[in-house]
Protein chains: 2
Amino acid sequence: MRDLSALFDPDGVAVVGASDDPVKWGNWLARGALRGERRRRVYLVNRRGGEVMGRRAYRALGELPEPAELAVLAVPPAALEPTVDEAIAAGVRALVVITAGAADGDAGGARDRALAERARSAGVVLLGPNCLGVFDAGAELDLVSNELPRGTIGLISQSGNLALEIGVLAAEAGLGFSRFVSVGNQADVEAAELIGELAAHAATELIAIYVEDFRDGRAFAAAAEAATGAGKPVVLMAIERSEATARVVASHTGALASDSAAIDAACRAAGIVRVHAPQELVDVADGLLRARAMQGRRVAVLTDGGGHAGVAAALLQRAGLELPRLSDGLRAELRAELPPTSAVSNPVDLAGGGEQDIRSFDRTTRALLDSGEVDAVLISGYFGGYADYGEAMRRDEVAVIEALAAAARSSGRPVVVQTMHPPTEAAALLRRRGVPVFRAIERAVDVCARLAERGERRPEGVPALPPAARAVTAGGYTEARALLAAGGVPFVAARTVATAGDATAAAAELGYPVVLKALGTLHKSDAGGVALGLRDAAELGAALADMQRRLAPAAFTVERMAPLADGVELLVGARWDARFGPIALVGLGGLFTEILRDVSVALAPVDERHALAMVAALRAAPLLSGARGRPPLDAGAAAGALAALSRVAAEHPEIAAIEVNPLLVVRDGALGLDARIELA
Amino acid sequence: MRDLSALFDPDGVAVVGASDDPVKWGNWLARGALRGERRRRVYLVNRRGGEVMGRRAYRALGELPEPAELAVLAVPPAALEPTVDEAIAAGVRALVVITAGAADGDAGGARDRALAERARSAGVVLLGPNCLGVFDAGAELDLVSNELPRGTIGLISQSGNLALEIGVLAAEAGLGFSRFVSVGNQADVEAAELIGELAAHAATELIAIYVEDFRDGRAFAAAAEAATGAGKPVVLMAIERSEATARVVASHTGALASDSAAIDAACRAAGIVRVHAPQELVDVADGLLRARAMQGRRVAVLTDGGGHAGVAAALLQRAGLELPRLSDGLRAELRAELPPTSAVSNPVDLAGGGEQDIRSFDRTTRALLDSGEVDAVLISGYFGGYADYGEAMRRDEVAVIEALAAAARSSGRPVVVQTMHPPTEAAALLRRRGVPVFRAIERAVDVCARLAERGERRPEGVPALPPAARAVTAGGYTEARALLAAGGVPFVAARTVATAGDATAAAAELGYPVVLKALGTLHKSDAGGVALGLRDAAELGAALADMQRRLAPAAFTVERMAPLADGVELLVGARWDARFGPIALVGLGGLFTEILRDVSVALAPVDERHALAMVAALRAAPLLSGARGRPPLDAGAAAGALAALSRVAAEHPEIAAIEVNPLLVVRDGALGLDARIELA
């Protein structure tokens with residue numbers, strides 16, 4: 001790991017392009033840099049010299065009385081490359097390049113590579129170009145355009161405005177940033193390196209990321225896996241590639257977004273929590289920072305009114321969480337403390353009892369958490385606004401909050417609060433005591449679901465890539481079959497033949513009925529190049545003659561007819577993703593593939609245990625395990641075939657996609673019936 | 001329709017149970033009533049007499065100098081019934097009963113019925129009991145516990161706290177209530193009647209509803225359909241029945257919630273927009289009130305930064321909206337007005353150009369809306385906060401807002417704004433000009449999706465129930481088959497037989513292969529009471545002898561063997577919902593029914609056109625229309641069978657559920673292969 005200390009806590013900062021104009025970057029950066037002046041020397045640089053913000057402006061970095069470890073550059077595009085040279089010559093150790101756009105317009109990629117090379121060869125760290133700056137709360141480093149809230153989130157972002165929005169929303173939730181790094185074009189410093197840096201940063205408790213370009217997606221995922229393993233949750237806002245998103249990303253930074261399934265696979269492998277919007281990011285961070293995780297899916301809802309109880313219960317069940325019926329003992333315990341109109345099943349509805357005795361909130365919560373019958377308590381509705389009833393009620397509400405927080409801490413089970421009131425002191429106190437608070441019940445429920453996922457799902461791990469095998473150069477059916485069979489994928493018995501005589505001999509050896517396939521046509525079945533269920537030599541001969549006449553194939557295969565009616569057809573495959581490398585996939589094959597879109601995806605290679613979990617995660621999994629009185633099929637064999645295919649794919653970066661479809665899963669095995677390769 | 005004017009704009013109001021105690025209902029109501037005193041006489045009533053709030057407190061309604069049209073009762077449960085009698089005797093025309101809980105505890109239902117009868121026989125309207133009051137902004141009637149924002153939403157709610165929460169959220173969105181009616185136990189006035197009343201209320205532009213108990217769900221839906229038809233959108237927050245929600249609703253008001261599919265079916269029939277939480281309700285109301293509807297799914301995204309562009313685009317596509325690529329002509333038009341770094345595909349990203357020339361927001365929006373290439377423009381990100389740059393920018397932002405609103409109006413296409421800033425003047429102005437504004441992009445996108453749905457989906461209509469037919473008294477296979485066949489559902493040819501000889505004769509007539517079924521066993525196939533594909537008289541005789549020995553059935557049917565391999569098996573059925581009456585359903589049959597859970601549900605009866613739309617809405621519909629080179633099947637015949645079954649179901653309220661499973665759909669027809677009835 002490189003030493004990035006000069007980027008986050010330099011002994012001196014030079015702002016190059018410092019300006020008095022209050023709508024210019026050079027002004028914002030100078031003001032921010034000066035906020036840290038009691039901790040480090042700050043120099044303002046402007047090629048016109050004179051004074052900026054009432055201080056001496058140096059004409060060049062070389063004029064400074066002593067070198068600054070960090071220079072932040074807000075200079076015109078044409079001046080960028082000479083200024084970088086000047087900074088290196090002046091002895092900087094880190095460069096933050098705000099300047100966007102290459103001097104020559106479209107050659108940004110080449111310009112960026114040149115800048116990165118110059119910096120690296122001089123041992124200088126370069127952030128950007130086209131970045132929004134860097135912020136370190138503990139080091140009082142404030143080289144950004146806007147003031148940011150302080151807290152424990154380390155934010156890496158490729159968009160300035162999204163980072164500002166996340167900051168606004170985080171502040172509203174009583175959260176803020178330990179560090180913020182705007183990565184810009186990632187010419188030198190990339191997100192993966194920064195994840196490692198934040199994982200080692202004591203003041204950072206959670207890493208939040210917005211990136212459009214993952215660069216080496218495996219390295220990115222591996223860094224996130226390490227951070228997660230070190231107890232720092234990683235929350236990723238990533239946009240998937242699609243026609244329109246690809247357009248914007250391409251036009252915006254020249255980056256290619258990875259498609260959503262590959263991103264999800266990387267997230268599962270690394271234990272990354274994926275979100276899709278800034279508010280969701282902040283809400284999930286709130287839950288993870290304050291409530292950590294739930295050790296199960298059982299939630300008790302506590303309200304002071306049936307409407308909130310019903311709404312919360314319905315949303316929790318839609319989110320896949322459980323509202324267990326409480327035991328008779330626990331219900332009796334709750335009943336003894338609550339008014340007769342209350343409901344003590346789950347939800348627990350105080351039914352106005354909260355106004356009569358506000359302490360029923362914490363007594364009930366404590367009883368629920370300590371019972372072990374639920375993994376979390378969600379309080380929804382009026383709570384958080386009782387101060388409106390006067391000073392006595394306000395003081396009581398504070399006491400309830402302290403007791404709720406203590407109950408959550410001592411039980412190790414989260415309390416999550418949704419309050420219908422606009423921001424109140426009560427909500428702020430709950431947050432300070434580690435209880436996440438949400439305005440909208442749907443957000444509170446979503447966070448509970450994320451906490452439950454976090455508790456039950458261990459990261460699968462980012463698999464290492466095997467060494468590349470000898471590259472494949474042809475993608476025909478026989479080649480695909482041979483490659484996969486050598487890798488351990490079972491196929492139906494088959495013989496390649498050229499003549500009718502060879503075909504008959506092969507069929508006699510394999511046993512009738514057989515299948516005849518014409519080789520060398522891409523879509524064999526569409527072209528009439530497949531004949532199924534040939535029952536004897538006469539049928540085989542006729543089929544062969546017919547194909548010979550119509551298709552004149554280079555060769556044929558004769559294959560034993562598989563017991564289609566006794567099995568289920570799956571599709572197993574892999575593709576090489578530009579960012580994340582080989583991605584393995586299993587889904588229902590045949591007619592239903594496109595209708596169901598029911599697939600499991602993972603970073604390849606996958607081992608057999610993981611492959612079996614992928615098969616079991618299909619909606620169609622009951623078809624394999626014996627739905628409606630059918631015999632169970634050999635899911636293990638299907639998993640074995642998937643694992644074997646994924647290993648083959650991971651050894652062949654030259655293969656864009658490889659697929660066995662169908663893979664027929666029967667009671668005592670799995671059989672590949674067709675295979676194909678697409679070369680990159 | 002009853003005259004409810006005394007409930008919303010009485011000439012005098014009496015508050016019974018008026019109190020000086022600031023934490024009592026009698027105090028809140030008295031204060032609220034007095035706020036309307038310049039419009040009507042207000043009397044405070046307290047059985048202790050003396051003074052309340054510095055005014056004379058009458059001891060009883062009979063003491064008032066002249067009758068008040070409306071009395072609101074906040075009296076102890078034991079005093080409720082005598083007070084209602086007193087009010088009727090005193091000449092009130094409407095009663096609002098806040099008092100909850102019956103004097104005798106559990107007999108609330110009986111108490112409520114008695115109250116409603118007394119009121120009705122006196123021609124008095126009774127709201128509640130157990131309600132939170134009534135509010136009419138235009139009539140200055142304010143009989144609720146809290147002050148509510150004024151606006152154009154008519155709110156009907158069965159929960160007080162949810163109504164308060166909706167009020168808080170509505171106020172934040174610059175919205176409010178024309179009327180609010182808390183229905184409580186609906187002893188007399190029910191939600192359906194109030195929907196009709198609000199549909200005719202000029203100041204109400206949108207009707208929002210939270211109910212736990214629909215009462216007569218058909219009447220409710222029909223009232224909502226009429227309101228929707230009159231141009232007033234109906235937004236319904238309803239919780240579905242499920243184990244836990246059923247528990248809370250039962251324990252809370254003794255009501256049964258309808259299950260979610262039935263609610264959704266009623267919503268589609270009536271054109272009701274369904275939501276699941278208060279924030280969603282307010283957001284959707286915001287969109288419907290300010291932006292009405294989109295006439296298609298095509299959205300242009302406009303941002304000043306690539307991050308917001310990418311996030312918005314990805315979310316829109318996840319929500320099923322389209323981001324069309326803009327025409328070359330339109331792109332050239334936009335390009336001419338924007339800086340070179342901007343992106344003029346879709347999303348349109350000003351890439352910092354908004355700061356340089358804020359008017360590019362409205363010029364671009366106008367060009368996009370007027371092009372006809374999109375149905376709405378979604379502006380996301382920094383816009384709404386440019387006032388921070390100083391007074392000149394603030395004035396310019398106001399000009400942009402006026403121009404955006406004008407462009408939306410003149411084009412008839414919505415502009416929707418998401419702004420990253422906390423509440424600003426700009427957001428408030430946008431709202432006043434009819435542009436919906438959201439803090440979270442996911443909320444803005446969800447509202448766009450709702451607007452698109454509203455534009456493309458006409459309500460299906462709430463079907464009238466046919467007169468009940470002669471009740472069925474037995475639910476066996478032959479009875480089900482006979483009933484459905486008489487109603488027009490096609491079945492495979494079959495003969496009921498008692499002996500082996502009859503069976504052979506029937507088979508000879510039908511033609512082999514045949515199926516033999518033992519009658520009188522509920523799960524025929526599980527019990528070994530079905531033999532398929534019997535090829536000749538010998539096989540038929542052996543199967544019959546075997547079943548005779550094992551099952552000794554009362555009779556058999558012999559049926560022609562259906563061409564299973566040539567068709568697709570559907571399930572068509574109906575159930576009688578306690579709230580909404582008969583509900584028709586179609587789904588994929590066989591093994592996939594439970595795995596896919598792929599069903600279309602509608603209020604029954606459905607006609608053939610509607611039934612065909614239900615079939616087409618299945619995810620599995622491509623299986624019928626000829627997926628992957630298969631021949632298209634007779635979806636029209638499937639729809640005919642569904643429509644016929646739905647008519648039969650609607651004529652038989654004594655049938656809890658009726659089902660044909662499978663219904664085999666082939667190239668030239670559909671054939672019921674099995675049928676069952678469950679009597680209520």
Side-chain angles (χ1 to χ4, degrees), chain A residues 23 101 158-162 164-165 168 210 212 237 239-240 242 244-245 247-249 251-253 257 276-280 304-311 313-315 317 323 325 341 343 345-347 349 381-382 389 420-422 439-442 591 594-596 619-620 622-623 627-628, chain B residues 23 101 158-162 164-165 168 210 212 237 239-240 242 244-245 247-249 251-253 257 276-280 304-311 313-315 317 323 341 343 345-347 349 351 381-382 389 420-422 439-442 591 594-596 619-620 622-623 627-628:
Chain A
V23 300
Q158 211 169 349
S159 157
N161 277 351
L162 283 177
L164 294 182
E165 178 165 0
V168 168
Y210 170 74
E212 292 158 7
M237 178 161 69
I239 57 176
E240 57 260 34
S242 65
T245 52
R247 278 208 299 279
V248 61
V249 170
S251 64
H252 180 42
T253 63
H276 297 90
Q279 182 70 62
E280 187 188 10
D304 195 10
H308 281 102
V311 168
L315 289 171
Q317 290 177 316
L323 276 92
R325 182 179 281 276
T341 51
S345 47
N346 185 11
D349 173 13
Y382 203 89
Y389 286 84
M420 57 186 270
H421 302 283
R439 286 292 305 282
I441 183 62
E442 52 271 52
L591 259 187
E594 289 155 49
I595 290 168
L596 275 173
R619 260 183 297 148
L623 292 183
R628 305 232 318 194
Chain B
V23 299
Q158 211 170 350
S159 158
N161 277 350
L162 283 177
L164 294 181
E165 179 165 0
V168 169
Y210 170 74
E212 293 159 6
M237 179 162 69
I239 56 176
E240 57 259 33
S242 65
T245 51
R247 279 209 299 279
V248 63
V249 170
S251 65
H252 180 43
T253 63
H276 297 90
Q279 182 71 62
E280 187 188 9
D304 195 10
H308 281 102
V311 168
L315 289 171
Q317 290 177 315
L323 276 90
T341 51
S345 47
N346 184 12
D349 174 12
Y382 204 89
Y389 285 83
M420 56 185 272
H421 302 283
R439 286 292 306 281
I441 183 62
E442 53 271 51
L591 260 186
E594 288 155 50
I595 290 168
L596 276 174
R619 260 183 298 148
L623 292 182
R628 305 232 317 193

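Numbers restart at 1 for each chain; the letters A, B, ... are given by sequence-line order, proteins then strands.
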### Task
Report the C-alpha separation of Glu165(A) and Tyr382(B) in whole Å, then their side-chain angles, then the decisive distance to 0.1 Å, and conclude whether the side chain to side chain contact (heavy atoms under 4.5 Å, CB included) test is met.
CA-CA 9 Å; Glu165(A) 178 165 0; Tyr382(B) 204 89; over 6 Å; no
### Query
What distance do Arg439(B) atom CZ and Ile441(B) atom CD1 have between them, rounded to the nearest 0.5 Å?
13.0 Å
### Task
Measure distances from Leu162(A) to the heavy atoms of chain B and classify the residue's part below 4.5 Å as side chain, backbone, both or neither.
both
### Task
Report the option among His421(B), His276(B), Arg619(B) that has the most heavy-atom pairs separated by less than 4.5 Å from atoms of chain A.
His276(B)
### Message
Taking side chain as everything from C-beta outward and backbone as N, CA, C, O, which of these in Leu315(B) sits under 4.5 Å from a heavy atom of chain A? Side chain, backbone, both or neither.
### Response
side chain
### Evaluation steps, side chain to side chain contact (heavy atoms under 4.5 Å, CB included), between Arg325(A) and Asn346(A)
CA-CA 6 Å; Arg325(A) 182 179 281 276; Asn346(A) 185 11; over 6 Å; no
### Summary
In this structure, CD of Gln279(A) is separated from CD of Glu442(B) (nearest 0.5 Å) by 6.5 Å
